K.L.:
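I have a structure I would like to understand better, so I am pasting it below and will then ask my questions one at a time.
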Amino acid sequence: MTDRYAVFGNPIGHSKSPRIHALFAAQTGQDISYQAILADKHGFAAAVDTFIAASTGLARGANVTVPFKEEAFRLAVQRTSRAEAAGAVNTLSFEAGRIIGDNTDGAGLVRDLKHNLGCDPAGRRILLLGAGGAARGVILPLLLEGPAKLMIANRTEETAARLALEFARLPGCAVGVKPEGAGFPQLAGCAFDLVINATSAGLSGAALPLPAGTYAPRCVAYEMLYGRETAFMTHARAAGARVADGMGMLVEQAAEAFFVWRGIRPHTAPVLAALKEK
Ligand code: ATR
């Protein structure tokens, strides 16, 4: 009896998740199937219902990607604290007729930084660019690593300020640093050890107006997008930073979801290598 999983999104044709989970399953000897499902923009909940009904009791979970992560948050009857903080759900578990929501994006980023890139956020001055859903999802996991500073900078300054205040008030963040919010011009004179681009600027080819001196010596510049060289990556490299894209985060968030569902943590290095080879 093969347990069934799926990823829901729109669009979904580009998704690497079926391949990643097939590689995890083969590596760990788990008997699962994992398919990509294109849900109608207004039909996410119905698509999940259909998947569960068609799986005759074997649907165990699902991943959720753009644009359904907030809707998945609302669909879940129970949510983990990291999903609550993210305000979005990328991992659903179907347990005895109940839908449980989790968010593995932030854990995936932190794991990629620490284990694949040798860049422990602890004690670092971190600059997080962007204040949308992608940024929100990684704030709590980064804060829990104990950075020296977490600055959230956004084109629309008020959004960054609001987001920073929200997380500064979270009970889980009572110890350690409080995030700060800023617009890009306010970054002048500040240097960072880790700069994470969570804006969608790379999708349109836009550059970010970061002041000179943003990148401290030996800084790591992390682009959450993958599969393309963005202006952020090009500029960071030119400024002397070590640059990484979001492919590692993609694989690590999948591994975390696999762990949530199956209780087994797959080795990610061979899977990441296989994806990069392609
Ligand atoms: P996501 O879920 O990917 O975070 P989003 O919620 O639409 O998507 O947020 C997009 C983020 O990218 C925002 O922080 C946005 O800045 P604004 O709040 O000012 O809109 C940022 N962004 C998008 N295009 C940008 C650009 N060309 N320059 C700078 N920031 C950009």
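Both ligands and their constituent atoms are indexed starting at 1 by order of listing. Predicted model only: the values in this text are computed from it and were never measured.
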K.L.:
Would the distance check show the side chain of Q27 and the main-chain N or O of H267 forming a donor-acceptor pair, the cut-off being under 3.5 Å?
P.N.:
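Answer holds: yes.
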K.L.:
What protein heavy atom is closest to atom 8 (O) of ligand 1, reported as residue, atom name and distance in Å?
P.N.:
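Protein heavy atom with the smallest distance to atom 8 (O) of ligand 1: G133 N, 4.4 Å.
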K.L.:
Between A135, A131, A88, A134, flag the one that comes closest to atom 1 (P) of ligand 1 by a heavy atom.
P.N.:
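Checking each option, the heavy atom nearest atom 1 (P) of ligand 1 is found in A134.
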K.L.:
For a quick check under 3.5 Å, do R237 and Y215 share a side-chain donor-acceptor pair by atom type?
P.N.:
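No - no donor-acceptor pair under 3.5 Å links their side chains.
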K.L.:
Between Y34 and H21, what is the ring plane arrangement, given parallel below 30°, perpendicular above 60°, and tilted in between?
P.N.:
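The arrangement is parallel - the two ring planes meet at less than 30°.
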K.L.:
With a 4.0 Å cut-off on N to O distance, would you call E145 and R124 a salt bridge?
P.N.:
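A salt bridge is absent here (no side-chain N lies under 4.0 Å from a carboxylate O).
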K.L.:
To check your reading of the model: name the closest protein heavy atom to atom 21 (C) of ligand 1, its residue, and the distance in Å.
P.N.:
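Scanning the protein heavy atoms, the shortest distance from atom 21 (C) of ligand 1 goes to T199 CB, 3.7 Å.
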K.L.:
In terms of atom number and element, which parts of ligand 1 are under 4.0 angstrom from non-hydrogen atoms of G130?
P.N.:
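This gives 14 (O) as the contact atoms.
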K.L.:
Determine whether more than 12 heavy atoms belonging to other residues, nucleotides or ligands lie under 6.0 Å from atom NE2 of H115.
P.N.:
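More than 12 heavy atoms, drawn from other residues, nucleotides or ligands, come within 6.0 Å of this atom.
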K.L.:
Is it the case that D112 and Y222 place a side-chain donor and acceptor less than 3.5 Å from each other?
P.N.:
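D112 vs Y222: donor-acceptor pair found between side chains.
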K.L.:
Could you check atom 5 (P) of ligand 1 against the protein and tell me its nearest heavy-atom contact, residue, atom and distance included?
P.N.:
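That would be G132 CA, 4.1 Å.
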K.L.:
Under a 4.0 Å N-O cut-off, is there an ion pair linking D245 with R228?
P.N.:
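Judged by the 4.0 Å cut-off on N to carboxylate O distance, D245 and R228 do not form a salt bridge.
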K.L.:
Heavy-atom contacts under 4.0 Å between A206 and ligand 1: side chain, backbone, both, or neither?
P.N.:
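The side chain, only.
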K.L.:
Give the residue, atom name and distance (to 0.1 Å) of the protein heavy atom nearest atom 7 (O) of ligand 1.
P.N.:
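Checking every protein heavy atom, the shortest distance to atom 7 (O) of ligand 1 gives S200 OG, 4.9 Å.
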K.L.:
Specify the protein heavy atom at minimum distance from atom 26 (C) of ligand 1: its residue, its atom name, and the distance to 0.1 Å.
P.N.:
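Minimum-distance protein heavy atom for atom 26 (C) of ligand 1 reads R155 NH1, 3.2 Å.
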K.L.:
Would atom 12 (O) of ligand 1 count as contacted, meaning some protein heavy atom under 4.0 Å?
P.N.:
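Within 4.0 Å: yes, protein heavy atom nearby.
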K.L.:
Among all the protein's non-hydrogen atoms, which is closest to atom 19 (O) of ligand 1, and how far away is it?
P.N.:
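So the nearest neighbour among protein heavy atoms is T156 OG1, 2.5 Å.
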K.L.:
Under a 4.0 Å heavy-atom limit, does L208 contact ligand 1 with its side chain, its backbone, both, or neither?
P.N.:
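Side chain only; the backbone of L208 stays clear of ligand 1.
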K.L.:
Let's go through E256 and R265 carefully: what are the C-alpha distance in whole Å and the side-chain angles of both, what is the deciding distance for salt bridge (charged side-chain N to carboxylate O under 4.0 Å, His left out) to 0.1 Å, and is it a yes or a no?
P.N.:
CA-CA 7 Å; E256 184 75 15; R265 200 173 278 287; 3.1 Å; yes
K.L.:
Ignoring hydrogens, just give me the one of L128, T159, N154 whose non-hydrogen atom is nearest atom 18 (O) of ligand 1.
P.N.:
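Minimum heavy-atom distance to atom 18 (O) of ligand 1 goes to N154.
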